[in-house]
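Heads up, the thing below is written out as structure tokens.
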Amino acid sequence: MGRTRRKHGSGAAVDFGTEDMRNNLEKQVFDEYKRRTSVVKIIIILAVILAFLSFGMVMGNASRINEAIAKAESVSAHAGNEQPGKSAALRNVNAWLSGSNTPFPAGVSNIMWDGAVKTADYTDNANTPVNVQHWVHTFEFTDHAGNVRRVSQITVVRDGVASAPNDPSILPPDATAKTSGQSTKPNGHLSLDNSNTLDNLIKTWAKAYVGKDMNAFTVLIADPDTNHIYQPANLGTLENVGQNWAVWQTKPDGDDTDKARSGYAVVSVTLNFRPYPNTNDATNTQTTQTQTARTTLSLLVKDPQSGSAKIVDWGADGMIDTLKPYANALAKDTVATTTTDDDTTTTPGSGDAPTPQATNLP
């Protein structure tokens with residue numbers, strides 16, 4: 001067969017060639033179509049993959065954001081549930097321990113918060129009504145000699161703002177288990193009139209308390225149980241002691257005040273003392289602190305207006321209702337005492353009960 005010609009444009013003939021040539025041309029057109037189609041498919045597939053990847057990244061970021069939010073909410077909730085005044089109490093205790101009048105001039109370490117108790121919650125209507133809370137925070141630390149000590153610090157939280165108005169209290173054994181009271185003169189209790197007898201009693205007790213003679217301190221308590229012994233704070237030499245307030249422990253029942261003015265009274269006192277000299281382990285020399293240290297305590301006084309008044313319990317400043325007669329007693333068979341030229345010291349004894357150490361304030 002001859003070639004087929006077709007007019008094109010200006011009349012020139014377009015030669016499609018032979019049948020083989022036409023088939024080859026159709027194949028080229030089809031291949032070109034497939035090539036272009038493959039490119040489009042690849043682009044579509046890549047777009048889909050990128051879309052999935054982007055979605056995964058977004059979901060991952062969302063998950064991390066949710067985790068961060070959850071953590072923030074957890075921290076916020078923890079902070080909201082934390083006992084108020086902790087930071088203010090810790091700042092005051094740190095300043096007290098590290099200041100020039102520290103009771104521990106040789107230094108302390110490992111200061112840790114050991115709990116808190118809310119002791120008051122009321123509304124102050126003096127000007128604008130505000131909520132006021134009192135919290136007693138307890139801290140423990142290690143002194144230079146390796147003994148564990150405990151102190152308490154009362155804070156007043158007024159309309160959400162905390163302050164530490166008083167000096168920390170150096171606690172005797174087991175005092176932290178019964179911390180309760182007010183940081184200032186308590187409301188609702190009848191005031192106790194001061195007397196020379198009470199002044200002299202407190203001065204004598206305070207001198208023994210900051211010292212380290214267990215036997216002399218025990219005699220002052222006059223515990224009827226002869227199996228009991230009492231541990232002083234082993235801090236230093238008393239300079240002076242002052243009364244902050246004194247009230248009867250029992251609140252009056254209506255107009256019946258006679259019953260409230262009998263039995264026991266609680267006196268808040270501030271003890272100023274000179275810490276014992278610090279011995280330098282490297283040079284075996286002693287350094288005496290020239291300035292006095294200070295601590296504040298609440299004392300339970302039995303028969304405060306009689307000539308036979310005795311201080312029978314003590315604890316953190318502000319404790320009132322939870323002070324109990326002879327609550328600081330230790331069993332004699334758990335403590336062995338030895339007499340030195342200066343004072344009576346103690347060493348751990350044997351027995352079934354826990355063994356306290358004379359210089360430790362649990």
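The chain is numbered in sequence order, starting from 1. Basis for what follows: all heavy atoms, side chains included, without hydrogens, waters or symmetry-related copies.
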Partner set under side-chain hydrogen bond (donor to acceptor under 3.5 Å, both in side chains) for S308, not counting sequence neighbours: S306
Taking C-beta and beyond as the side chain, do V267 and I202 meet within less than 4.5 Å on heavy atoms? yes
Would you name the heavy atoms of P232 and Y209 that are closest together and state the gap between them? CB-O, 3.5 Å
About how many Å separate OG of S191 and CH2 of W248, when rounded to the nearest 0.5 Å? 11.5 Å
Quick note, salt bridge (Lys or Arg N to Asp or Glu O under 4.0 Å) partners involving residues 221-232, not counting sequence neighbours, are none
With sequence neighbours left out, write down each residue that passes side-chain hydrogen bond (donor to acceptor under 3.5 Å, both in side chains) with Q243, or none if nothing qualifies. N194, D199
Hey, are the side chains of L190 and V247 touching, using non-hydrogen atoms and a 4.5 Å cut-off? no
How many angstroms lie between CG in L192 and CG in L198, if you round to the nearest 0.5 Å? 6.0 Å
Heavy-atom side-chain proximity of L323 to V266 below 4.5 angstrom: yes
Ignoring hydrogens and geometry beyond distance, is a side-chain donor-acceptor pair present between N227 and D333 at under 3.5 Å? no
For the pair F273 and T237, evaluate side chain to side chain contact (heavy atoms under 4.5 Å, CB included) and give the outcome as yes or no after the intermediate values. CA-CA 5 Å; F273 59 93; T237 304; over 6 Å; no
Are side-chain heavy atoms of K212 and F217 found at a separation under 4.5 Å? no
Once you round to the nearest 0.5 Å, how far does CG of N166 lie from CG of L297? 11.5 Å
Apply side chain to side chain donor-acceptor pair (under 3.5 Å) to residues S268 and D317 and explain how you reach the verdict. CA-CA 6 Å; S268 171; D317 180 39; 2.9 Å; yes
Can you give me the closest heavy-atom contact between P304 and G263, atom names plus distance? CD-O, 3.7 Å
Ignoring hydrogens and angles, tell me if any N or O in the side chain of T295 forms a donor-acceptor pair with the backbone of P168 under 3.5 Å. yes
Sort and list the pairs that fulfil salt bridge (Lys or Arg N to Asp or Glu O under 4.0 Å) and have at least one residue in residues 234-246, not counting sequence neighbours. E239-R274
State whether the side chain of T102 and the backbone N or O of L97 hold a donor-acceptor pair below 3.5 Å, judged by distance alone. yes
Compare every heavy atom of P105 with every heavy atom of P275, then report the nearest pair and how far apart it is. CB-CD, 3.7 Å
Exercise: identify the closest heavy-atom pair between Y276 and G236: CE1-N, 3.4 Å
Does N92 reach the main-chain N or O of I154 with its side chain, forming a donor-acceptor pair under 3.5 Å? no
How far apart are the C-alpha atoms of N215 and I229, what are their side-chain angles, what is the distance that settles it, and do they pass the side chain to side chain contact (heavy atoms under 4.5 Å, CB included) test? CA-CA 7 Å; N215 290 330; I229 194 167; 3.9 Å; yes
Cationic tip of K86 within the cone over W135's six-membered ring, i.e. under 6.0 Å and within 45° of the normal? no
Do P84 and T155 make a side-chain contact, defined as non-hydrogen atoms from C-beta onward lying under 4.5 Å apart? no
With T270 via side-chain contact (heavy atoms from CB on, under 4.5 Å) - residues at least two apart: N244, N272, R294, T296
Sequence neighbours left out, what passes side-chain contact (heavy atoms from CB on, under 4.5 Å) with D193? Give chain and number order. none
Would you say that H189 contacts W245 through its side chain, given a criterion of any heavy-atom pair below 4.5 Å between the two side chains? no
If the condition is side-chain contact (heavy atoms from CB on, under 4.5 Å), which residues does T204 pass it with, not counting sequence neighbours? L220
Restricting to salt bridge (Lys or Arg N to Asp or Glu O under 4.0 Å), what partner residues turn up for D124, sequence neighbours left out? R158
My understanding is that only residues two or more places apart in sequence, or in another chain, count here; which of them pass ring-ring contact (aromatic ring centres under 6.0 Å, His included) with Y264? none
Excluding sequence neighbours, so at least two apart, what forms side-chain contact (heavy atoms from CB on, under 4.5 Å) with L90? N94, I111, F139
Roughly how far apart are K207 NZ and L238 CG, rounded to 0.5 Å? 8.0 Å
D121 side chain reached by N131 side chain, heavy atoms, under 4.5 Å: yes
Residues I320, S298; criterion side chain to side chain contact (heavy atoms under 4.5 Å, CB included); working and verdict: CA-CA 8 Å; I320 297 178; S298 286; 5.8 Å; no
Whether H137 side chain and A88 backbone form a donor-acceptor pair below 3.5 Å: no
Measuring from atom CH2 of W314 to atom CE of M319, what distance do you get when rounded to the nearest 0.5 angstrom? 11.5 Å
Residues which pass side-chain hydrogen bond (donor to acceptor under 3.5 Å, both in side chains) with D159, listed by chain and number, not counting sequence neighbours: none
Distance check, rounded to the nearest 0.5 Å: K332 atom NZ versus T218 atom OG1? 7.5 Å
Just to verify, what does E140 make a side-chain hydrogen bond (donor to acceptor under 3.5 Å, both in side chains) with, not counting sequence neighbours? R150
Short question: side chain of Q153, backbone of P165 - any donor-acceptor pair under 3.5 Å? no
Do the side chains of V156 and Y122 join up, straight or via other hydrophobic residues, at under 4.5 Å, putting them in one cluster? yes
Can we call the ring centroids of W205 and Y230 under 6.0 Å apart? no
Would V132 and T123 count as a side chain to side chain contact (heavy atoms under 4.5 Å, CB included) here? Give the steps. CA-CA 6 Å; V132 179; T123 300; over 6 Å; no
Check: K324 main-chain N/O paired with D313 side-chain donor or acceptor under 3.5 Å: yes
Should L300 and I311 count as side-chain neighbours, where that means a heavy-atom distance under 4.5 Å? no
